[in-house]
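The structure under discussion appears below in the form of structure tokens.
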Amino acid sequence: MNQRKILVTAALPYANGPIHLGHLVEYIQTDIWVRYQKLRGHQCLFMWADDTHGTAIMIRARKEGRSEEEVIAEANAEHQRDFAGFQIQYDNYGSTHSDENKKLCGEVWQSIRDAGLVKEKDVDQLFDTEQGTFLADRFVRGTCPECKAEDQPGDNCSKCGNTHSPAELIDPVSTLSGSTPEIRTAKHLFIELEQLHEFLEDWTQTGDHLQPEVANYLRGHFLGDPESTEGAKPLRDWDISRPSPYFGFEIPDCPGNFWYVWFDAPIGYLASTQQWCDRNGDTLDNWWRNDAAEIHHFIGKDITYFHTLFWPGMLKSAGYSLPTKVHIHGFLTVNGEKMSKSVGTAFKASTYLDHLPPAALRYYYASKLGSRLDDIDLNFDEFISKVNSDLVGKVVNLASRSAKFVKETGLSSSYPDDGGLFESAASAGNEIARAYENCDYNKAMRLILELADKANPFVENAEPWNLKKDPAKTQELQDVCTIALNLFRQLVIYLSPVLPDLVEKTGELLNEPLTHWDQSQTPLTGSPVAKFKHMMKRIEEKDVRAMEEASKIEAEQESALVENNSDQFSDSEQPMIDEPMTDECTIEDFMKVDLRVARIVNAEHVEGARKLLKLTLSLGGEHRKQVFAGIKAAYEPDQLVGRLVVMVANLKPRQMKFGLSEGMVCASGPGGEEVFLLTPDEGSKPGQRVH
RNA sequence: GGCGGUGUAGCUCAGUUGGUUAGAGCAGCGGAAUCAUAAUCCGCUUGUCGGGGGUUCGAAUCCCUCCACCGCUACCA
């Protein structure tokens with residue numbers, strides 16, 4: 001068999017947070033693939049690193065009063081500890097904040113410059129004057145310029161879906177300081193990706209580098225279809241620089257500007273390889289400029305864009321090999337719901353490991369993962385039953401029910417007639433191998449378990465426990481157990497990319513290290529058998545519950561921490577001085593006031609009134625109230641119609657100059673232009689009482 | 001809105017070069033066994049294959065249409 005040279009990467013974990021079970025889908029997927037390739041005898045390197053640059057790390061370091069270097073060093077240690085806990089094995093773990101990466105970024109940059117792909121443009125960006133930093137979109141909130149929904153993120157509106165630039169927001173607020181940012185113009189460098197359009201069209205659409213749905217997606221969103229009536233769409237320029245301050249590498253020929261983190265992050269794959277090569281007497285070009293070497297990236301669907309357009313473009317410009325394949329997977333949901341930090345379903349890797357064994361999750365993910373981009377669901381009831389019944393009940397059970405009968409004798413000296421069981425399982429190996437190769441782990445697991453389902457009935461029929469009672473049948477007993485243990489050993493080899501622990505223990509039991517796939521094709525004979533020890537623990541529901549509980553507590557503690565940080569919002573004391581607190585009231589007093597959610601169904605100016613608007617409020621159904629409100633200076637009638645407010649519904653009606661007013665709408669502020677109506681949160685209904 | 005994806009037993013999913021009564025595991029029910037971590041084995045049960053229409057001798061599979069759900073919609077790390 002010719003040995004392949006395969007270089008594998010997983011997405012680089014961001015140094016701004018802990019690893020959770022969602023990340024592990026990818027890392028376990030990658031690790032299984034790498035272990036599989038090594039088991040097949042190929043030379044396979046897993047090159048990995050932390051992604052360390054960007055605004056988020058910078059802000060965090062400031063908040064915690066320490067250097068970025070300290071923050072990322074801590075994250076690096078934590079990440080590697082978690083990976084070790086989950087038996088994820090890589091050949092090098094670097095950091096994008098390394099000398100190697102800086103040097104390679106410079107080289108790639110120069111080649112992109114030389115290719116004439118870089119141009120300068122001025123960009124308007126919001127600047128937080130208190131923090132002294134430009135604000136990434138996600139650090140700005142404000143009113144949507146389109147539908148006027150308040151408190152929307154900087155880049156698009158969650159209400160109307162409008163996309164806009166943060167600079168277009170009405171009343172933008174920096175989420176870092178709470179202050180109002182100002183618009184500043186800065187020079188940015190862009191890469192004209194469109195120049196590479198033809199190349200990218202070709203690379204993404206042919207050659208099987210991508211899953212078909214990914215190729216379709218790229219065409220639909222970015223590249224366009226040159227053969228359609230609309231033709232190809234131009235690719236937008238990629239904003240590749242960030243002005244100071246920024247945590248990253250300064251661009252050598254553009255002082256005061258830094259490479260955007262997504263420029264240097266993928267180059268981290270190269271840098272990590274460089275580190276490995278330096279240690280092992282190899283060269284970078286032997287892996288990245290060598291047609292005989294394959295390059296495989298494993299990523300989540302959220303970062304498709306960067307890995308399938310920019311990254312190939314960068315590699316192409318710099319004269320490196322292009323990825324052989326980009327393997328893209330879906331997200332993890334927990335019990336059918338999106339993972340949520342606040343609810344505590346974003347289980348941290350370390351929390352999981354406090355309560356449960358890594359093998360269980362590795363197997364569960366393997367049994368769910370296919371080659372497509374579907375999300376996979378972590379359902380704990382299924383998790384418990386699957387791991388227990390497949391691994392303990394079927395696979396390990398084969399050894400635990402037969403090993404002790406041959407502890408004295410060892411395995412038979414030649415492999416007995418098993419009715420073709422071993423042979424047919426051996427020939428199933430090809431299909432299982434293909435499933436691993438194609439990342440169809442769920443198929444591989446299904447095929448393997450089918451084999452286990454044939455092995456157990458064999459033991460059942462052979463009844464070794466009865467053979468043991470008859471001294472004349474010693475040989476038969478040994479033969480039956482030899483078969484059972486060989487079928488077991490075969491399964492373990494097939495499972496070994498997923499379950500490294502089990503492989504090791506099986507090796508000890510049978511006195512033979514299991515290191516190569518081909519061992520599954522030949523039975524083991526004559527080997528001594530060690531005393532059987534538990535190879536895998538059953539998952540108990542209480543352990544799962546304990547983990548869930550622990551995670552919930554962590555989530556609560558974290559949100560409490562965020563609240564304690566609220567002193568970063570330094571609000572003025574003036575309002576309390578202007579209007580001091582009134583006397584205490586009882587709940588009964590409060591309940592006398594009937595506050596209700598109401599919808600403004602009509603609003604109009606009142607002839608002759610300086611301050612008043614006439615509002616018609618609906619409490620649902622036919623319940624209408626007419627209210628005169630002193631908010632003319634602050635609101636236009638048009639902005640009011642349709643919105644929900646809170647009103648005092650049981651206020652005694654009062655005859656005013658312009659008509660009868662049947663209530664009050666609640667608002668804060670001193671008056672005049674500074675009046676702010678209360679708005680109930682999304683979901684409340686007109687007529688609902690406010691308690 | 002556009003694009004992509006998904007929709008098969010209570011649950012998780014197989015099943016497309018169109019072909020006999022649609023499959024597996026888990027769950028459920030009934031039995032057996034007692035070597036094994038209450039593990040195992042045998043048997044049984046469950047389906048308008050999202051709806052409708054079309055092509056065909058024949059459709060879960062091909063075409064059209066509708067519905068539902070999910071994701072993406074780039075200068076976000």
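Each chain gets a letter, A, B and so on, in the order the sequences are listed, and its residues count up from 1. No hydrogens, no waters, no symmetry mates; every other heavy atom, side chains included, goes into these values.
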Is the phosphate of [N], meaning OP1 or OP2, less than 4.0 Å from a side-chain N or O of [X]?
{"X": "A/K394", "N": "B/U37", "answer": "no"}
{"X": "A/R242", "N": "B/A77", "answer": "yes"}
{"X": "A/K404", "N": "B/A36", "answer": "yes"}
{"X": "A/R538", "N": "B/A39", "answer": "yes"}
{"X": "A/R372", "N": "B/U6", "answer": "yes"}

Which part of the nucleic acid does [X] contact within heavy-atom distance under 4.0 Å: base, sugar-phosphate only, or nothing?
{"X": "A/V392", "result": "base"}
{"X": "A/I303", "result": "base"}
{"X": "A/V396", "result": "base"}
{"X": "A/D302", "result": "base"}
{"X": "A/D237", "result": "base"}

Between [M] and [N], how far apart are the [atom1] atoms? Round to whole Å, please.
{"N": "B/U6", "M": "B/U16", "atom1": "C1'", "answer": "16 Å"}
{"N": "B/A36", "M": "B/C29", "atom1": "P", "answer": "26 Å"}
{"N": "B/U8", "M": "B/U48", "atom1": "P", "answer": "12 Å"}

Does [Y] offer a backbone N or O that forms a donor-acceptor pair with the side chain of [X] under 3.5 Å?
{"X": "A/H23", "Y": "A/H20", "answer": "yes"}
{"X": "A/N438", "Y": "A/D440", "answer": "no"}
{"X": "A/E26", "Y": "A/A10", "answer": "no"}

Side chain A/Y305 and base B/A74 donor-acceptor under 3.5 Å: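 Donor-acceptor pair under 3.5 Å: yes.
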
B/A77 base / A/W262 side chain donor-acceptor hit below 3.5 Å: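 It does, because a donor-acceptor pair links the side chain of A/W262 to the base of B/A77 below 3.5 Å.
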
A/E192 and A/Q195 side chains, donor-acceptor separation under 3.5 Å: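 A pair is found: one side chain offers a donor N or O, the other an acceptor, under 3.5 Å apart.
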
A/Y260 six-ring centre to A/R242 NZ/CZ under 6.0 Å and within 45° of normal: yes

B/U46 pairs with, by Watson-Crick or G-U criteria that keep both distances under 3.5 Å: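 Across all strands, not a single nucleotide pairs with B/U46.
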
Whichever of A/S400 and A/I376 has its nearest RNA chain B nucleotide further upstream toward 5':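 With A/S400 and A/I376 compared, the 5'-side residue is A/I376.
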
Integer-rounded Å distance: B/U12 P and A/R446 CZ: 16 Å

Spacing of A/F306 atom CZ relative to B/C72 atom P, expressed in whole Å: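 That distance rounds to 13 Å.
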
